[in-house]
Engineer: 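Mind having a look at this structure? Questions to follow.
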Amino acid sequence: SVIFGAPISAVLFAIIPLVAVKSGSLPLTMLFIILFVFIMSLWRAPVVALMPDLTPSEIRSEGNAVINLMGTGGGILVLAIGMGFATSSVRNSLMSYTAYFAVIAGIMLLALLIFRLGSAIPVPYIDSATLEQHLQTQSGTILGLMNAMSGSAFSMATILPMDSMK
C-alpha cells in the first residue's frame with residue numbers, strides 16, 4: 001500500500017548517502033539501495049500495473065499519459081533541486097549528498113501528507129450522495145475512471161480525490 005510503502009521508501013532513500021559516507025562499505029551501501037528499490041517495487045509497480053485493468057480501453061492512453069506526465073514532473077523536480085545544490089559543479093564533486101537525498105525524501109513525505117489530508121476534507125456545498133449516484137452511471141467515461149483511480153474519493157467529493165492511498 002502507498003500509505004506504508006512511500007514513507008518507508010523515503011526513509012530508506014534518505015539513509016543511502018548516510019550509509020555510504022559513514023560506513024564506507026560498498027556492500028552495505030548496495031544492500032540499502034537494493035532494499036530501497038525492492039520496497040519501491042512492492043507498492044509502486046502494482047499501482048502502475050493495475051492501471052490498464054481499471055481503465056476502460058477507450059481512455060487507457062490518457063491514463064498512461066497521466067502516469068508518464070507525473071514521472072516526468074518528478075524527474076524535472078529532482079533535476080531542479082540538483083541544480084540548487086550544484087551537484088554538477090566541479091567544486092562539489094566530492095560533496096556529501098545527504099542533504100540532497102533528505103530534501104527529496106522530505107518532498108515525498110510532504111506530498112503524501114498533503115494527499116492524505118486533502119482526501120479527508122469534503123468539498124463544501126456538494127451533495128455527495130447525488131454525485132455518487134451520477135458517477136455510478138458514468139462507469140465507462142473519464143469521470144468513472146477518475147472515481148475508480150481515486151478509490152471512490154471523487155464520488156465522496158473530497159478536495160483531493162486520492163483516497164485510494166488507504
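All residue numbers in this chain count up from 1 along the given sequence. Basis for what follows: all heavy atoms, side chains included, without hydrogens, waters or symmetry-related copies.
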Engineer: Nearest 0.5 Å please: distance from the CD1 atom of Ile107 over to the CG atom of Leu77.
Structural biologist: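 It is 4.5 Å, given to the nearest 0.5 Å.
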Engineer: Atom CG of Leu18 and atom OG1 of Thr29: how far apart are they, to the nearest 0.5 Å?
Structural biologist: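 The distance works out to 10.5 Å.
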Engineer: As an exercise, state the distance from CZ of Phe101 to CZ of Phe13, rounded to the nearest 0.5 Å.
Structural biologist: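 With rounding to 0.5 Å, CZ (Phe101) is 4.5 Å from CZ (Phe13).
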Engineer: Membership question, hydrophobic clusters at under 4.5 Å side-chain separation (ILVMFWY): are Val37 and Ile39 in the same one?
Structural biologist: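 In one cluster: yes.
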Engineer: Can you tell me how far CG of Leu112 sits from CG of Leu117, rounded to the nearest 0.5 angstrom?
Structural biologist: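 One finds 9.5 Å between CG of Leu117 and CG of Leu112.
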Engineer: In Å and rounded to the nearest 0.5 Å, what is the CG to NZ distance from Leu28 to Lys22?
Structural biologist: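 Going from the CG atom of Leu28 to the NZ atom of Lys22 covers 14.0 Å.
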Engineer: Go through it in stages, so that I can follow the logic: the residues are Leu31 and Leu35, the test is side chain to side chain contact (heavy atoms under 4.5 Å, CB included), and I'd like the CA-CA distance, side-chain angles, deciding distance and then a yes or no.
Structural biologist: CA-CA 6 Å; Leu31 176 69; Leu35 186 61; 5.5 Å; no
Engineer: Measuring from atom OH of Tyr97 to atom CD1 of Ile104, what distance do you get when rounded to the nearest 0.5 angstrom?
Structural biologist: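 It is 11.0 Å, given to the nearest 0.5 Å.
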Engineer: At their closest point, which heavy atom of Ala105 faces which heavy atom of Ala14, and how far apart are they?
Structural biologist: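 Heavy atoms of Ala105 and Ala14 come nearest at CB-CB, 3.9 Å.
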Engineer: Consider only side-chain heavy atoms of I, L, V, M, F, W and Y, link residues closer than 4.5 Å, and tell whether Met108 and Phe38 are in one cluster.
Structural biologist: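 Result: yes, single cluster for both.
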Engineer: Give the minimum heavy-atom separation between Pro7 and Leu109, together with the two atoms involved.
Structural biologist: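 For Pro7 versus Leu109, the nearest heavy atoms are CA-CD2, 3.5 Å.
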Engineer: Would you call the rings of Tyr100 and Phe85 parallel, tilted or perpendicular if under 30° counts as parallel and over 60° as perpendicular?
Structural biologist: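 Perpendicular.
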Engineer: Evaluate the criterion side chain to side chain contact (heavy atoms under 4.5 Å, CB included) for residue pair Leu26 and Met30; output intermediate values, then yes/no.
Structural biologist: CA-CA 6 Å; Leu26 181 61; Met30 290 304 298; 4.0 Å; yes
Engineer: Do Val103 and Val21 share a hydrophobic cluster, counting only Ile, Leu, Val, Met, Phe, Trp and Tyr and linking them when any side-chain heavy atoms are less than 4.5 Å apart?
Structural biologist: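 No, because Val103 and Val21 fall into different hydrophobic clusters, even though each may have its own neighbours under 4.5 Å.
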Engineer: Could you note down all residue pairs passing side-chain hydrogen bond (donor to acceptor under 3.5 Å, both in side chains) where residues 8-17 supplies at least one of them, sequence neighbours left out?
Structural biologist: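 side-chain hydrogen bond (donor to acceptor under 3.5 Å, both in side chains) check on residues 8-17 returns Ser9-Trp43.
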